[in-house]
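Okay, so here's the structure we're looking at.
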Amino acid sequence: MTTIQVKDEWKADAKLTEDEYRDWYRISVEDPDGFWGEHGKRVDWIKPYTKVKNTSFAPGNVDIRWFEDGTLNVSANCIDRHLAMRGNQTAILWEGDDPADSRAISYRELHGEVCRMANVLLANGVRKGDRVTIYMPMIPEAAVAMLASARIGAVHSVVFGGFSPDALAGRLEGAQSSVLITADEGLRGGRKVPLKKNADRACEIAAAAGQDVRTVLVVRRTGGEVAWQDGRDVWWHEAREEVSADCPPAEMGAEDPLFILYTSGSTGKPKGVLHTSGGYLVYASMTHEYVFDYHEGDIYWCTADVGWVTGHSYIVYGPLANGATTLMFEGVPNYPDASRFWQVVDKHKVNIFYTAPTAIRALMGAGDDKVLSTSRASLRVLGSVGEPINPEAWTWYYRVVGEERCPVVDTWWQTETGGILITPLPGAIALKPGSATLPFFGVQPQLVDNEGAVIEGEGAGNLCITDSWPGQMRTVYGDHERFEQTYFSTYRDKYFTGDGARRDADGYWWITGRVDDVLNVSGHRMGTAEVESALVSHPKVSEAAVVGYPHDLKGQGIYCYVTLMEGENETEELRKELVAHVRNEIGPIASPDKIQFAPGLPKTRSGKIMRRILRKIAEDDFGALGDTSTLADPGVVEDLVEHRQNRK
Ligand code: PRX
């Protein structure tokens, strides 16, 4: 396997040398109180903390607190503290879906907008601790809504704009949220997304389940027609005229909640991952600075959506806490054509670029000339996140996009971790294509086998983290028991990530993907159980089992085995209907790639579906089905193999 040594030019820019990284790392794990006590100061505290780390992973008593007696306001850290030094610097550089559309919002302007929205929320009865749901396109007002909520101590729950009304309703109910911020319509790749219409429907569904939405604040994006409910719906452009552009930030405890973000697990409904204020901000801002080698004045672009954690930590909180110019992109990588990313890089002289392997693979497929027709001379660091990056895509990103001038940082982390946990530091750590390399400060990864025995040295197994870091999630909103059960019960005294990994002879980490029933489709995380429950909610379906299979562009595709109700016919039309049904229930990101009608599913005598076998068949690897002797009806497997949809 190739190793790319750190180049001298990279060293010149780097924040740290390799030796310094190793020293800092050693101190961070030997003396977390000392290390984080020092680095916690990168944030402005209203009342400084005297305690640093107070965390326990012990069964029955998982309790995570950082800087617990300090107080601060996250929005003041992301805006107010920059006003004196860089009030006129661009905070948010917005690039619209249409290449002719862009906007630059200075820190001073951002302050005014955030204060106004905070005042509108207050005027509508939002108080400290209330949950504000945000269902928005990628426009600056999405960040404004998050920061406004943080300013008054409300807890935001951003729901990805691609989710269906049903999915949005479930999240409104879960968070018991009575305030929703949305837009008339979104715009992506020239197509309109009916956000207000979806929001209206979601409010109906939520109301039927007992969760009333009292206020819907609507940002005008396209000017398209929308239905209006007087007394509930409020136009942002009107409400903002009625309030002051000043709103004092609320003093919040370090452990007061900042946001909830719903994410999928291997069972049940998506859970509300809860992040708090102090530790999260320290961790997001510190990782943003060191992992991307952020320097004052850099133009930084993360292509994620604010609906995912990457958008929270690395479009909004990390960069703004560091006083950066953060680029926010409304569109898609291939509109108007597959050069768009690189055209935007040239247009705004982007220095740091952070995207997902699925986009890299798609653009690689569009041909090198789409890249080579642009300059990209401003680029200095390239990042990747969201799923394992195959060495071919890594190498293309490094060679063609970055012309071997820019280190590539493959950053591994999760919604639950709040920030990046395993990553190279540019200019300090030698790179290996496909490896997330080494842990960030304070992060102690460990490999364990299925029985929980620790694997030392070179080897592969389940990835755990043995001690807390400041950005770690604190609980599942409203269900601490589920938090403990999901993350701390598989392996005693450790946080279990749900990922598999390998450690090589140099101590480098290679993340191999989920080892549980979670899919990662184009970097979007999804529970097989969610897709199954969407399928069985169709009146013609009696049973469904969903697995992932390798997909060249998406990383993983969605393969569904569906058993129909007695008397229903297995038609092409029904197949299409089922795909549409899942899109409707969850959203387009959950579209099944393959549907196989299965008269029976492989079950053990106790009735448990043997997914291992289903996965093998989906992978077209049915020669190695393993032990099938526990199957209640071994004949089922032959039928599945014969009718498989994935023939090579
Ligand atoms: O399987 C890992 C994969 O994405 C999962 C987390 O998904 P989510 O919570 O949606 O957060 C995505 C953005 C942080 C992980 O459990 N994953 C994320 N980054 C990488 C990755 N797998 C391999 N390499 C990565 N760099």
Side-chain angles (χ1 to χ4, degrees), residues 158-160 162-163 259-266 270-275 280 283-284 287-288 291-292 302-315 317-318 354-361 382-391 393-394 397 408-424 431-440 443 445 460 462-465 471-473 476 486-487 490 495-502 508-528 530 548 554-556 589-590:
V158 182
V159 178
F160 173 56
F163 275 127
F259 66 84
I260 299 168
L261 189 54
Y262 282 85
T263 194
S264 300
S266 42
K271 40 185 181 296
V273 166
L274 185 106
H275 282 286
Y280 171 79
Y283 199 76
T287 45
H288 172 260
V291 173
F292 300 110
C302 164
T303 69
D305 190 285
V306 288
W308 311 116
V309 74
T310 308
H312 284 59
S313 302
Y314 299 113
I315 294 179
Y317 291 116
Y354 190 29
T355 196
T358 189
I360 298 169
R361 287 191 298 263
L382 298 173
S384 169
V385 62
E387 46 178 320
I389 179 164
N390 44 315
W394 193 105
Y397 196 30
V408 170
V409 291
D410 173 11
T411 65
W412 173 83
W413 60 296
Q414 312 176 294
T415 305
E416 292 87 340
T417 69
I420 295 163
L421 294 198
I422 303 184
T423 178
L431 305 169
K432 299 189 191 188
S435 170
T437 78
L438 300 175
F440 193 72
V443 175
N462 303 303
L463 178 63
C464 292
I465 314 287
Q472 186 171 23
M473 76 183 280
V476 170
T486 309
Y487 304 104
T490 320
Y495 166 78
F496 176 43
T497 64
D499 277 321
R502 189 164 64 77
Y508 273 43
W509 293 88
W510 301 72
I511 312 298
T512 48
R514 303 289 305 197
V515 294
D516 54 9
D517 291 322
V518 171
L519 303 175
N520 191 330
V521 181
S522 299
H524 299 316
R525 176 169 163 181
M526 218 169 307
T528 51
E530 284 168 76
K554 300 179 177 185
Q556 265 188 319
I589 56 171

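Counting convention: from 1, in listed order, for ligands and their atoms alike. Since the model is a prediction, treat every value here as computed from it, not as a measurement.
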Do Ser313 and Tyr280 get their side chains close enough for a donor-acceptor pair, meaning under 3.5 Å?
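Yes.
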With side chains defined as the heavy atoms from C-beta onward, is the minimum distance between Tyr397 and Thr355 less than 4.5 Å?
yes
Solution key, residues 304-312 side-chain donor-acceptor pairs under 3.5 Å, sequence neighbours excluded:
from: Asp305; atom 1: OD1; to: Gly307; atom 2: N; distance (Å): 2.7
from: His312; atom 1: ND1; to: Val306; atom 2: O; distance (Å): 3.1
from: His312; atom 1: ND1; to: Trp308; atom 2: O; distance (Å): 3.0

Check side-chain contact (heavy atoms from CB on, under 4.5 Å) between Glu416 and all other residues, then give those that pass, not counting sequence neighbours.
Thr263, Val273, Gln414, Met473, Tyr487, Tyr495, Arg525
Give me the pairs of N or O atoms, one from ligand 1 and one from the protein, that sit under 3.5 Å apart.
from: ligand 1; atom 1: 1 (O); to: Asp499; atom 2: OD1; distance (Å): 2.6
from: ligand 1; atom 1: 1 (O); to: Asp499; atom 2: OD2; distance (Å): 3.3
from: ligand 1; atom 1: 4 (O); to: Gly386; atom 2: O; distance (Å): 3.2
from: ligand 1; atom 1: 4 (O); to: Asn520; atom 2: ND2; distance (Å): 3.3
from: ligand 1; atom 1: 9 (O); to: Thr415; atom 2: N; distance (Å): 2.8
from: ligand 1; atom 1: 9 (O); to: Thr415; atom 2: OG1; distance (Å): 2.6
from: ligand 1; atom 1: 9 (O); to: Arg525; atom 2: NH1; distance (Å): 2.7
from: ligand 1; atom 1: 16 (O); to: Gln414; atom 2: NE2; distance (Å): 2.9
from: ligand 1; atom 1: 16 (O); to: Asp499; atom 2: OD1; distance (Å): 3.3
from: ligand 1; atom 1: 16 (O); to: Asp499; atom 2: OD2; distance (Å): 2.6
from: ligand 1; atom 1: 16 (O); to: Arg514; atom 2: NH1; distance (Å): 2.9
from: ligand 1; atom 1: 17 (N); to: Gly386; atom 2: O; distance (Å): 3.4
from: ligand 1; atom 1: 19 (N); to: Gly386; atom 2: N; distance (Å): 3.1
from: ligand 1; atom 1: 22 (N); to: Pro388; atom 2: N; distance (Å): 3.4
from: ligand 1; atom 1: 24 (N); to: Glu387; atom 2: O; distance (Å): 3.3
from: ligand 1; atom 1: 26 (N); to: Asp410; atom 2: OD1; distance (Å): 2.7
from: ligand 1; atom 1: 26 (N); to: Thr411; atom 2: O; distance (Å): 2.7

Mutual orientation of the aromatic rings belonging to Phe163 and Phe160 [parallel < 30°, tilted 30-60°, perpendicular > 60°]:
perpendicular
Could you work out, with ring pair (Phe, Tyr, Trp, His ring centres under 6.0 Å) as the rule, every residue matching Tyr262, not counting sequence neighbours?
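Tyr262 satisfies ring pair (Phe, Tyr, Trp, His ring centres under 6.0 Å) with no other residue.
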